[in-house]
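Chain letters run A, B, ... following the sequence lines, proteins first and then strands; every chain starts at 1. Every value quoted in this text rests on a predicted model; they were computed, and no experiment measured them.
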Amino acid sequence: MPQQEQRSNDPLADQKKEQVVMTTTASDEDRELDMHAFWHSSSHVLAHAVKQLWPETKLAIGPAIENGFYYDFDREGGFSSEDLELIEETMKKIVKANYKIERFTLPRDEAIEFVKSQDEPYKLEMLLDLPEDEEISFYRQGDFTDLCAGPHVRYTKQIKAFKLLSVSGAYWHGDEKNKMLTRIYGTSFPTKKELENYLQMLEEAKARDHRKLGRELELFMMSDVGPGFPFLLPKGKILKDLLVDYWKEIHYEAGYVLIETPIILSRKLWEESGHWEHYQENMYTVKIDEEDYAVKPMNCPGAMLVYKSKPHSYRDLPLRMGELGLVHRHELSGTLHGMMRVRAFTQDDAHLYMTPDQLPGEIKGIFHLIDSVYRKFGFDYDVELSTRPDNAMGDIEDWNYAESVLKEVLDELGTPYQVNEGDGAFYGPKIDFHINDAIGRSWQCGTIQLDFQMPQRFDLEYIGSDGEKHRPIVLHRVAYGALERFMAILIEHYAGKFPLWLSPEQIRVLSISSKNEAYAQEVVEQLKASGLRTELDIRDEKIGYKIREAQLAKVPYMLIVGDEESTNNSVSVRSRDDGSLGSMPFSEFLVKAVEENSSDF
RNA sequence: GCCGAAGUGGCUCAGCGGUAGAGCAAUUCACUCGUAAUGAAUAGGUCGUGAGUUCGAUUCUCACCUUCGGCUCCA
């Protein structure tokens, strides 16, 4: 999302785009249209309609976004759903009237006078922020004119199919200190067919929503008595443990040791770490024997204490110390979102202590570890570098050095990345990994954070080869990010159809009738003995019904056993994804299943 | 936290000033069955919580809680 907004704030990029559009839209071939310009024009039609209906409404900003557009308005009382219908009707008329969309420019002074005459305070503010030496461009359609860098389509009639999707609040300039405006979201396409396809895709996205599947597949639940605190159901717990098993395996392989630190620790520790000062609004606190304690929002301070529990030599370094730590953060209530954004979650954390010359190598090692994890699940991801924020602790020189090292390593790795100025943690700059999910959203998961503050605050040291005390460098990182979020992304990524190794229930054995019960039980026992998570369905139901239920539960393999199978020790195999695979000897299936299960892991 | 919307049995939803209804799921019984729903019966709800208006509130009003869509924030 931020990318799109940046695009519309970047007049230079938009100018370049405009030239493209002016040539390509010369023909009436709609598929030649630049969708960015198309959605941007749609937002103008929206604003045009709103101004026609309620002239007193003030216009803020209305850019194209991924798959659509929005426009922010300042109107007393906002808009109701009836208002939305009315707006859509009016938009249809504007489209039908087929206004020509014309660009014109004014010298700065005249532009200011013009916007003032229109009585649009937000537009005036934006105009005053534009570079002084440029002419100001406007777009006009009928009696509607908007300050805008463009580009746009040429006629309103080109916007053949559109739909307003939702109304929400949005702060002016995205700053919560500013006034809350009303934002109307919509989408549009050159043809009705494309709009229908898009709306259908939205419906399909709903079908793989992890909150819906989480309930249907009995993976997790939420309760009013613990907003943002997820409950894992038996199957969800299996999923989490499988992720943990895999995680432990690759971390031991990569030379990590694992620790576990307490969840509740004294205020004194959080004061020492700086969290009491910088992070208090997110921390849960408790009083124990008249003393203040806090539930940990991060694992770092505990890990620092573990490091300090004994003296270290340079020969111990790098020391890679992992911790699957349960942290609690009091996130704003409005930000909670299923298991994607919760208030209690397990970080697959690790702190790496090293000498300065080991830093680049360790960053690369972590990078490759994270990359291998994401690749295992077939995830696409973006890398971002976040630099010093306003509330940063520590010396600027340290920050500059840390940022330059991160940049150097990223450049050396040849990975494309985006820089987010001022988005770092208060204790250090970081490299973030964003996974692109099934519905085109992106979620922050992995992160590598350089921490120059903790070692100082906790006075960490090691004895160098020179016999002198030195301060180690500390890297703080997660790969999954949070197990809960990662699970949610996995659920949506696979639409609940987990690969065999990740499926909580791998095989379900279905008996045709009660006569086959004993044989079915025998099959289940052997499968279980071979480490396959198997369940038995011997209810007095028709086989079609039992298959339907197993299919809806998204169990990878169904074994149907009747008289025929009982007599010759075979199973009729049905795959969740490929349907019936026919009969085979049970021993053959067992070997195949065990092999598939272990090869994926 | 802010803007907007919504909360009715386990799930999906109907009802809407006269103390609740369906389908699925559950339970019981019958059927002993061959690749996505066998039939019948039974049970299950102080309609999110608390106030107010009213002869009477699930229905109207207000507050709070939770959820959903966004903003902001973030793993």
Answer with base, sugar-phosphate or nothing: what part of the nucleic acid does [X] contact at a heavy-atom distance below 4.0 Å?
X      : answer
A:R343 : nothing
A:V342 : base
A:Q551 : base
A:A170 : sugar-phosphate
A:L552 : base
A:G544 : sugar-phosphate
A:E564 : base
A:E218 : nothing
A:K179 : nothing
A:I543 : sugar-phosphate
A:D348 : nothing
A:D563 : base
A:E216 : nothing

Please determine whether any donor N or O and acceptor N or O are separated by less than 3.5 Å between the side chain of [X] and the base of [N].
X      : N     : value
A:Y171 : B:G1  : yes
A:T335 : B:U72 : no
A:R329 : B:C73 : no
A:E565 : B:G34 : yes

[atom1] spacing across the pair [N] / [M], given as an integer number of angstrom:
N     : M     : atom1 : answer
B:G48 : B:A75 : P     : 37 Å
B:C16 : B:G10 : P     : 23 Å
B:A41 : B:U59 : C1'   : 33 Å
B:C24 : B:U38 : C1'   : 16 Å
B:A25 : B:U61 : P     : 37 Å
B:A43 : B:U28 : C1'   : 10 Å
B:U8  : B:A20 : C1'   : 8 Å
B:C68 : B:C13 : P     : 14 Å

Between [options], spot the one nearest the side chain of [X], thanks.
X      : options             : result
A:Q449 : B:G1, B:C33, B:A75  : B:A75
A:M180 : B:C68, B:C3, B:A36  : B:C3
A:T447 : B:G34, B:A36, B:A75 : B:A75
A:K515 : B:G70, B:C33, B:G69 : B:C33
A:R215 : B:U12, B:C73, B:C33 : B:U12
A:R548 : B:U32, B:A36, B:A75 : B:A36
A:K542 : B:G69, B:C33, B:A25 : B:C33

Does the A:Y70 side chain pair with the main chain of A:V167, one donor and one acceptor, at a distance under 3.5 Å? no
The side chain to side chain contact (heavy atoms under 4.5 Å, CB included) partners of A:E56 (sequence neighbours excluded) come to A:W54, A:R75
Hey, what's the ring geometry for [X] with [Y], parallel, tilted or perpendicular (30° and 60° as the breaks)?
X      : Y      : answer
A:F379 : A:F486 : perpendicular
A:H275 : A:Y427 : tilted
A:F377 : A:Y480 : tilted

According to the Watson-Crick and G-U wobble definitions, with both distances under 3.5 Å, which nucleotide is paired to B:G21? B:C13
Provide the Watson-Crick or G-U wobble partner of B:G7, both distances under 3.5 Å; none if there is no partner. B:C65
dist A:N569:CG -> A:E588:CD (nearest 0.5 Å) comes out at 13.0 Å
Can you find a side chain N or O atom of A:Y70 that sits less than 4.0 Å from OP1 or OP2 on B:G69? no
For the rings on A:F433 and A:F367, is their centre-to-centre separation under 6.0 Å? yes
Aromatic ring centroids of A:F73 and A:Y71 under 6.0 Å? yes
Does A:F345 lie flat on the base of B:A75, that is, centres under 5.5 Å apart and planes under 30° off? yes
